[in-house]
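Treat the numbers as computed from the prediction; the structure is a model and nothing was measured.
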Amino acid sequence: MLGLGTNIIKANLYNTLEYTSANFDGTDDFFTVPDNDALSFSNDPGFGISMWLNLNDGVNHGILQKGEEYKLHIESNGRIHWMVTDDSENKLRKKLSSIGAFAFNEWVHLNLEFGIISAAPRVSIYINSIEELGVSTSESGFVAPENTSADLLIGKASTSLTATFGTPNLVMNGNMANLCIYLGSLTSAEKSRVYSAGPDGNFTNEANNIVSAYYPLISDINTIPASNTTLDGSAASGQEPTFTTI
C-alpha cells in the first residue's frame with residue numbers, strides 16, 4: 001500500500017495545489033542574471049541547481065544556460081539534457097536522462113549536480129530526489145569548468161549538444177519556482193528535505209552546500225527570503241515572464 005511519504009502521492013498533491021511561480025510563454029520570455037563569479041564553479045566542491053518545474057507538453061524547453069559553462073534543456077519526449085563544459089578544451093560532461101523520464105503538466109523537482117565522484121568529474125540528475133541513471137558522456141580531455149563572462153539566462157538555452165553551446169535559441173513553456181544555485185552537493189537526506197518542502201518551500205543552507213543565488217520566483221525574481229543569500233549587485237531582469245498562480 002502506498003503511504004503519504006511516497007513520491008507518487010507527493011507528485012499528485014503538488015499537481016492539485018496552487019503555487020505562485022514565474023510563467024514563461026514559450027515565445028520570447030526569459031530572465032537575465034548579470035555575470036558574477038559566484039555563478040562559475042570548479043570541479044571541487046562542484047555545484048548544484050535545484051528547481052521546481054511545471055512544463056507544458058508537446059514542445060522542447062530551454063531551461064537555463066550560462067554561456068559555455070553549463071546548460072539545461074528538456075525535450076518534448078521527456079529526456080533531460082544536463083551539460084557542463086570545459087570551454088578551453090572544448091569538452092563536455094553530459095548527462096541525458098532516459099526518454100520519458102520528465103513528467104509534463106505537473107510539478108516536478110529537478111536537482112542537477114556536478115562535482116568529483118570517485119576521483120573523476122561527474123554530472124548527475126535527480127528527479128523528485130531520486131537519481132536518474134540515464135546516459136552519461138565524459139569526453140576525454142575534460143579538465144574543469146571555465147569562468148566565462150556570460151550572463152546566466154533563465155528560461156532559455158541552446159539546442160546544441162556540442163561543447164560550444166551556440167546561441168541560446170530554445171525557450172521554456174511553463175512555470176518555474178524556487179530556483180537555487182549552490183556550491184557543493186547535497187546529501188540524500190538534504191535532497192529529500194528540499195523535495196518534501198514542495199514548490200513553495202524555502203531552500204536554506206545545508207551542511208554540504210552554500211547558496212550562491214536563490215530565486216523563489218514568487219512575485220519578483222529578486223525577492224529573496226531573509227534566511228537566504230543571493231548575488232551582490234547582480235539583480236536579475238525579466239524580458240517578459242509573468243508571475244502567476246497555477
Side-chain angles (χ1 to χ4, degrees), residues 33-53 63-72 80-87 91-95 97 108-134 136 138 142-148 150-154 176-199 201-217 221 224-234 236:
V33 179
D35 175 49
N36 189 295
D37 285 348
L39 293 172
S40 297
F41 304 94
S42 61
N43 286 350
D44 189 12
F47 71 104
I49 303 175
S50 171
M51 71 185 77
W52 283 88
L53 296 172
I63 307 301
L64 60 79
Q65 178 169 331
K66 186 171 191 312
E68 296 177 8
E69 295 185 46
Y70 48 88
K71 62 162 285 192
L72 169 68
I80 303 166
H81 295 250
W82 166 231
M83 307 180 198
V84 177
T85 305
D86 179 343
D87 182 53
K91 300 294 183 180
L92 281 172
R93 295 286 171 176
K94 178 170 63 178
K95 182 70 172 250
S97 72
V108 175
H109 182 258
L110 281 187
N111 193 87
L112 314 160
E113 291 189 333
F114 168 84
I116 300 296
I117 304 294
S118 299
R122 177 182 173 184
V123 283
S124 304
I125 297 173
Y126 296 83
I127 303 174
N128 295 336
S129 81
I130 305 300
E131 185 169 11
E132 172 60 37
L133 299 179
S136 294
S138 299
F142 182 100
V143 178
E146 306 296 323
N147 185 340
T148 73
D151 295 336
L152 171 67
L153 303 180
I154 302 171
M176 179 187 294
N178 246 341
L179 173 64
C180 183
I181 302 175
Y182 56 90
L183 185 68
S185 61
L186 302 182
T187 65
S188 295
E190 289 168 341
K191 289 182 177 71
S192 180
R193 282 196 293 271
V194 171
Y195 171 62
S196 295
N202 287 345
F203 189 110
T204 57
N205 284 320
E206 298 277 3
N208 288 336
N209 74 91
I210 297 174
V211 173
S212 295
Y214 180 51
Y215 303 112
L217 303 180
I221 190 172
I224 310 297
S227 60
N228 292 276
T229 59
T230 187
L231 301 172
D232 293 332
S234 292

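Rounding to the nearest 0.5 Å gives a distance of 9.5 Å between OG of Ser185 and CG of Asn111. Distance OG/Ser136 to CG/Leu92: 12.0 Å, rounded to 0.5 Å. The structure places CG of Leu72 at 5.0 Å from CG of Leu64, a figure rounded to the nearest 0.5 Å. Between Leu179 atom CG and Leu152 atom CG the span is 7.5 Å, to the nearest 0.5 Å. From Trp52, atom CH2 reaches atom CG of Leu217 across 14.0 Å, with rounding to the nearest 0.5 Å. Taken from OG in Ser97 to NE2 in His81, the straight-line distance is 7.5 Å, to the nearest 0.5 Å.
The side chain to side chain donor-acceptor pair (under 3.5 Å) with Lys66 is formed by just one residue from the set Thr85, Asp35, Asp151, Asn36; it is Asp35.
Proximity of the aromatic rings of Tyr195 and Tyr126 is defined here by a centroid distance below 6.0 angstrom, and this criterion is not met.
Taking both residues in full, the closest heavy atoms of Phe114 and Asn43 are given as CZ-OD1, 3.2 Å, listed atom of the first, atom of the second, then distance. In terms of heavy atoms, Ala213 sits closest to Leu39 at CB-CD2, 4.1 Å. Taking each heavy atom of Pro34 and Ala236 in turn, the nearest pair found is CD-CA, 4.4 Å. Listed here is the closest heavy atom pair of Ala150 and Gly67: CB-CA, 3.4 Å. Minimum interatomic distance between Arg122 and Ser124 (heavy atoms only, all atoms of both residues): NE-OG, 3.4 Å. The nearest pair of heavy atoms linking Leu183 to Gly46 is CD1-O, 3.5 Å.
Salt bridge absent: Arg93 and Asp86 never bring a charged side-chain N and a carboxylate O closer than 4.0 Å.
In this structure the side chain of Trp82 never reaches within 4.5 angstrom of the side chain of Ile63, judged on heavy atoms. The side-chain heavy atoms of Pro121 and Phe142, taken from C-beta on, include a pair separated by under 4.5 Å. You'll find the side chain of Leu110 reaches within 4.5 Å of the side chain of Ile127, heavy atoms only. Between Pro145 and Tyr70 the shortest side-chain heavy-atom distance does not fall below 4.5 Å. At a threshold of 4.5 Å between non-hydrogen side-chain atoms, the residues Leu112 and Met51 count as touching. The side-chain heavy atoms of Met176 and Ile154, taken from C-beta on, include a pair separated by under 4.5 Å. Residues Glu146 and Glu68 are not in side-chain contact: their nearest non-hydrogen atoms beyond the backbone lie 4.5 Å or more apart.
In this structure a side-chain-to-backbone donor-acceptor pair under 3.5 Å is present from Glu69 to Thr148. For the pair Lys191 (side chain) and Asn128 (backbone), a donor-acceptor distance under 3.5 Å is absent. Of the possible donor and acceptor atoms, one in the side chain of Glu113 sits under 3.5 Å from a partner among the backbone N and O of Leu186. With Ser40 contributing its side chain and Asn147 its backbone, the two residues share no donor-acceptor pair below 3.5 Å.
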Criterion side chain to side chain contact (heavy atoms under 4.5 Å, CB included) on Phe47 and Val84, from CA distance to verdict: CA-CA 11 Å; Phe47 71 104; Val84 177; 4.2 Å; yes
Steps toward side-chain hydrogen bond (donor to acceptor under 3.5 Å, both in side chains) verdict (Asn178, Tyr214): CA-CA 7 Å; Asn178 246 341; Tyr214 180 51; 2.3 Å; yes
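No side-chain donor from either of Ser129 and His109 sits under 3.5 Å from a side-chain acceptor of the other.
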